[in-house]
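Reading through the structure tokens given below for one structure.
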Amino acid sequence: MNYKAVIFDLDGTLLDTLEDIADSMNSVLKQFAFPEYSREVYRYFIGEGIERLVRQALPEDKREQALIMQCVTRMREEYSKRWANKTRPYPEIPELLDALAGREIKMSILSNKPDDFTKKMVANFFPRGKFTIIQGEKPFVPKKPDPYAALAIAENLKIPPHTFLFLGDSEVDMKTALAAGMHPVGVLWGFRTAEELISSGAKALIQNPTDLINIIIH
């Protein structure tokens, strides 16, 4: 297959954001005297947007919508203080981006993280501007795994969806890729397991970022 473009997930794929997200959400929970969680638990709260993260973290008997939205606001405030404290690109990600750019592969990012954080973090951690489109969660735009945004990227770039690789670390990403008619590639350095990626439709799994090049050239 002659792949022409890659869509990347952000959290758990390009950036290891786990500790800053966990610290921020635990700070919110502490304000309400609610139980806090280990970082490992947060692996399963991340991936479907900030509102779902908050909903999952709150005690089951405290999940009324008004409190959820109050905690979403506080989570945004706490995360705005911490998003660059411990977050870093995964090893080999810069090398992968350079290799793809050298092959003139178009690169975009599609995340369920709020759009303002997505753009700010990409500008900070990847300042050389390799990405054609950078998109996070926006009002009135369906979140992944709905394929709407992925297909809009393909249309904007005028590249057929079947020539896209879609790189992600979760069920949400694999389902998005399949629904958009793209090739789903699961990463094993992220937040979820190989079993989840395979069961949700991954066509390939990679252990290290630069392994993606082998998929492109074969």
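Model, not experiment: these values are computed from the prediction. Index from 1, following the sequence.
- Contact annotation: the side chain of R82 never approaches that of I21 to less than 4.5 Å [non-hydrogen atoms, C-beta and beyond].
- A101 and M107 make their closest contact through N-CE, 3.9 Å (heavy atoms, listed as atom of the first residue, atom of the second, distance).
- Linking ILVMFWY residues whenever their side-chain heavy atoms come closer than 4.5 Å, directly or via other members, leaves I217 and L205 in distinct clusters.
- Here the straight-line distance linking atom CD1 of I7 with atom CZ of F166 works out to 5.5 Å at 0.5 Å rounding.
- More than 12 heavy atoms of other shown residues, nucleotides or ligands fall within 6.0 angstrom of atom CD in E64.
- With T87 contributing its side chain and A84 its backbone, the two residues share no donor-acceptor pair below 3.5 Å.
- Atom OG1 of T17 is separated from atom CG of L10 by 7.0 Å, given to the nearest 0.5 angstrom.
- Within 6.0 Å of the NZ atom in K130, the count of heavy atoms belonging to other residues, nucleotides or ligands exceeds 12.
- Distance SG/C71 to CZ/F34: 6.5 Å, rounded to 0.5 Å.
- The side-chain heavy atoms of S170 and E48, taken from C-beta on, include no pair separated by under 4.5 Å.
- A side-chain donor-acceptor contact under 3.5 Å links E196 to the backbone of E171.
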Stepwise side chain to side chain contact (heavy atoms under 4.5 Å, CB included) test for V28 and Y79: CA-CA 10 Å; V28 175; Y79 194 52; over 6 Å; no
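- The two residues L14 and F131 come nearest to each other via the heavy atoms CD1-CZ, 4.0 Å.
- From M25, atom CE reaches atom CG of L53 across 6.0 Å, with rounding to the nearest 0.5 Å.
- A pairwise comparison of heavy atoms in Q135 and A149 identifies NE2-CB, 3.6 Å as the closest pair.
- A continuous path of ILVMFWY side-chain contacts below 4.5 Å connects L29 to I68, so both sit in one hydrophobic cluster.
- Closest approach of L157 and S108 over heavy atoms only: CD1-OG, 3.9 Å.
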Hey, mind stepping through L167 and L212 against side chain to side chain contact (heavy atoms under 4.5 Å, CB included) and telling me if it holds? CA-CA 9 Å; L167 199 70; L212 190 68; 3.8 Å; yes
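- Of the N and O atoms on the side chains of E92 and T210, at least one donor lies less than 3.5 Å from an acceptor on the other residue.
- The closest side-chain heavy-atom distance from W83 to M121 is below 4.5 Å.
- Within 6.0 Å of atom OH in Y148, 12 or fewer heavy atoms from other residues, nucleotides or ligands are found, so the atom counts as exposed in its surroundings.
- V72 and F32 end up in the same hydrophobic cluster when Ile, Leu, Val, Met, Phe, Trp and Tyr side chains are linked at under 4.5 Å.
- The pair E51-R55 meets the salt-bridge criterion, with a side-chain N (NZ, NE, NH1 or NH2) lying under 4.0 Å from an Asp/Glu carboxylate O.
- With respect to F8, the side chain to side chain contact (heavy atoms under 4.5 Å, CB included) criterion is satisfied by exactly one of L100, D173, L15, L110: L100.
- Aromatic ring pairs are classed by plane angle as parallel below 30°, tilted from 30° to 60° and perpendicular above 60°; the pair F45 and Y42 is perpendicular.
- Looking at I213, N214, L96, I215 one by one, the single match for side chain to side chain contact (heavy atoms under 4.5 Å, CB included) with I206 turns out to be I215.
- Using a 4.0 Å cut-off between charged nitrogen and carboxylate oxygen, D115 and K119 count as a salt-bridge pair.
- The aromatic rings of Y3 and H183 lie tilted to each other, with the angle between the two planes from 30° to 60°.
- Closest approach of K4 to N2, counting heavy atoms only: NZ-ND2, 3.2 Å.
- Linking Ile, Leu, Val, Met, Phe, Trp and Tyr residues whenever their side-chain heavy atoms come within less than 4.5 Å leaves L197 and Y90 in two separate clusters.
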Verify side chain to side chain contact (heavy atoms under 4.5 Å, CB included) between T73 and E77, making sure each step is shown before the conclusion. CA-CA 6 Å; T73 299; E77 292 169 354; 3.8 Å; yes
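- Within the 4.5 Å cutoff, side-chain heavy atoms of I153 are placed close to those of F164.
- Counting heavy-atom neighbours within 6.0 Å of K86 NZ, excluding the residue itself, gives a total above 12.
- Clustering ILVMFWY residues whenever any of their side-chain heavy atoms sit less than 4.5 angstrom apart, transitively, puts V6 in a cluster other than the one holding L151.
- Atom CD of Q65 has more than 12 heavy atoms from other residues, nucleotides or ligands within 6.0 Å.
- Here the closest heavy-atom approach between residue I50 and residue P114 is recorded as CG2-CG, 4.1 Å.
- Between atom CD1 of residue I134 and atom OG of residue S111 there is a gap of 11.0 Å, rounded to the nearest 0.5 Å.
- Side-chain contact between R52 and N112 is absent, with no heavy-atom pair separated by less than 4.5 Å.
- More than 12 heavy atoms of other residues, nucleotides or ligands sit less than 6.0 Å from atom CD of E95.
- Between the side chains of Q31 and E78, at least one donor N or O sits under 3.5 Å from an acceptor N or O.
- Electrostatic pairing of D23 and R39 counts as a salt bridge here, judged by a charged N lying under 4.0 Å from a carboxylate O.
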V54 and R76: side chain to side chain contact (heavy atoms under 4.5 Å, CB included), yes or no, with the steps? CA-CA 11 Å; V54 167; R76 288 183 59 92; over 6 Å; no
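- With values rounded to the nearest 0.5 angstrom, K113 atom NZ is found 11.0 Å from E137 atom CD.
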